[in-house]
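Structure first, then comments.
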Protein chains: 2
Amino acid sequence: MNNVVNYSGKRKPTGQRSAISHNSVIQPHDYLFRMGEKLDGIYMLNSGSVKLFRTTESGEEYITGFCASGDLIGLDALVDGVSRTSAVALDTSNISMIPFNTIVRGGDRFDYQKFIHQIGATLNRENDHTMMLSQRTADRRLAWFLIEYADGLASRGLCPTEFSLPMTRTDIAIFLGLAVETVCRELATLCDEGIVKKNRRRIEILDMARLRSISRGEVCADKLAKEIRSAA
Amino acid sequence: MNNVVNYSGKRKPTGQRSAISHNSVIQPHDYLFRMGEKLDGIYMLNSGSVKLFRTTESGEEYITGFCASGDLIGLDALVDGVSRTSAVALDTSNISMIPFNTIVRGGDRFDYQKFIHQIGATLNRENDHTMMLSQRTADRRLAWFLIEYADGLASRGLCPTEFSLPMTRTDIAIFLGLAVETVCRELATLCDEGIVKKNRRRIEILDMARLRSISRGEVCADKLAKEIRSAA
DNA sequence: CGCGTTTTTGATCTAACTCAAGCTTTGTGG
DNA sequence: CCACAAAGCTTGAGTTAGATCAAAAACGCG
């Protein structure tokens, strides 16, 4: 499992620490901030993608979310200014910061309404993630993940059926609470059934309707595979 | 699995719907609001306990959290005024409401700072819940649950080692992403090892240190049980 | 007191984990 | 520019933690 040291060891010196004042660009593997760090405000992702995660003392990594353009990062620091989460860029990303002062006092042209709205959205996404992790089969989890990602793209006006995932299979596995091998296998199953096409990180969704019904638990992804087995 | 109809069917007419203006009392099984309902603001729980949950079209129930005094309820409605979550009282509870207007405009004596703080705290709790659900054994989940509950009591100045749980075993199971039977069995194991004492909903924690180390995954709750088996 | 709900325990089964190993891609240094 | 190393991805075989099914006991309520 990757840990903080790994990443920090191999990244370029760019963006070493969060000296972000207003607008800045960070490179893949650069940290926006690390868990336990005091933040100066909330970050807003303008482009690229960021992974949010925590590591326990014993080195277990937990991924709490993947962020894309428009998302707020560091909301959990609202409690006392310190984030319990680390944020690392997966792609080259453009980021701006909203200082805590602005948030608390309601600064110049800070869109408060929108900020509150985003908090609700974040909370809802967390809830969805939680629901997915409770008592669900691997095929549903993966289907859910792909749909979430596709929907996110669609809401940003991008193509929801053909895209490139910014994260590794291991990241997906951790996020979904599964083993890497399980993610690979389930993805392979979806391909076998003609629901998606994959080429490494590149994903093409061929049958969105079926993918959604798998996600809802109406049908099982391994249905075909099982039918073949039982026929034998 | 319990669903909305069950609860609504057997509750007394009190507090039928959320006509809560400022301060009110609701009885066990009364709904504060149901998923999809338009809220007038965010609720604050002053005493008692409330369960937050969602149900899918297919009737699956997911519990996103249990609230106790001091908690804000309905934050997910900040996105558009509608909550995707249902809130039902587990005990007789005292509740007040902060209208959206007050939140957005920053009314009279609305403690904005505290509000923002609470949002961060809620987000963190969600994250903890998510982490627990990702890749953890049943014994760790249950230990985590008991500790969370105990810590919550402690932070409210109540006794953290002897308490009565307001929710059913089934609720705990759903919240932890486990089967009811598993929750019962793991609780029984904890009792066998002298870590907790139980009498139905009544819980007494005898060895908090050991419970915490189980929660961290340092030791396995079924260790003893296994040692006995392997000795045979 | 009888009935429905909740809790508990037992037996069996299976989905997903773990371990193992090969393959592919990416990155690095000579 | 090529070779080697490291990371990432994939597939197979065997094991196991926890789900499911079944059923009894313990409450609590009308």
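So that the names make sense, note that chain A is the first sequence line, chain B the second, and so on, each numbered from 1.
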Ring pair (Phe, Tyr, Trp, His ring centres under 6.0 Å) between A:Phe33 and A:Tyr43, intermediate numbers included: CA-CA 10 Å; A:Phe33 53 80; A:Tyr43 296 94; 5.7 Å; yes
B:Glu126 bridged to A:Arg84 by N-O distance under 4.0 Å: no
Spacing between B:Arg136 atom CZ and C:dA16 atom C1', to the nearest angstrom: 19 Å
Length of the CZ-C1' vector between B:Arg201 and D:dG28, whole Å: 11 Å
A:Arg200 side-chain N/O to D:dT10 phosphate OP1/OP2 under 4.0 Å: no
B:Glu60 CD - D:dA19 P separation (whole Å): 15 Å
Nearest-nucleotide pick for B:Ala179, side chain only, options being C:dA16, C:dA20, D:dT20: D:dT20
For atom CZ of B:Arg140 and atom C1' of D:dA17, their distance in whole Å: 15 Å
For atom CG of B:Leu176 and atom P of D:dA19, their distance in whole Å: 10 Å
Pair of N/O donor and acceptor under 3.5 Å linking C:dG10 base with B:Arg185 side chain: yes
Length of the CG-C1' vector between B:Asp171 and C:dT7, whole Å: 13 Å
Sugar-phosphate, base or nothing in reach of A:Leu178, heavy atoms under 4.0 Å: sugar-phosphate
Nearest heavy atoms of B:Leu176 and B:Phe145, plus distance in Å: CD2-CB, 3.9 Å
Nearest-Å distance for atom pair CE/P, residues A:Met167 and D:dA7: 21 Å
Separation of atom CZ in B:Arg202 from atom P in D:dC27, rounded to whole Å: 15 Å
Phosphate OP1/OP2 of C:dT8 contacted by B:Arg169 side-chain N/O (<4.0 Å): yes
Audit row: B:Tyr149, B:Phe163, ring pair (Phe, Tyr, Trp, His ring centres under 6.0 Å) steps and yes/no: CA-CA 9 Å; B:Tyr149 198 82; B:Phe163 49 84; 5.2 Å; yes
Phosphate OP1/OP2 of D:dC9 contacted by A:Lys198 side-chain N/O (<4.0 Å): no
Side chain of B:Thr168 - closest among C:dT6, D:dT10, C:dA16: C:dT6
A:Ser215 side-chain N/O to A:Leu211 backbone N/O, donor-acceptor pair under 3.5 Å: no
Side-chain N or O of B:Thr182 closer than 4.0 Å to phosphate OP1/OP2 of D:dA19: yes
Nearest-nucleotide comparison on DNA chain C, the residue closer to the 5′ end among B:Ala188 and A:Arg141: B:Ala188
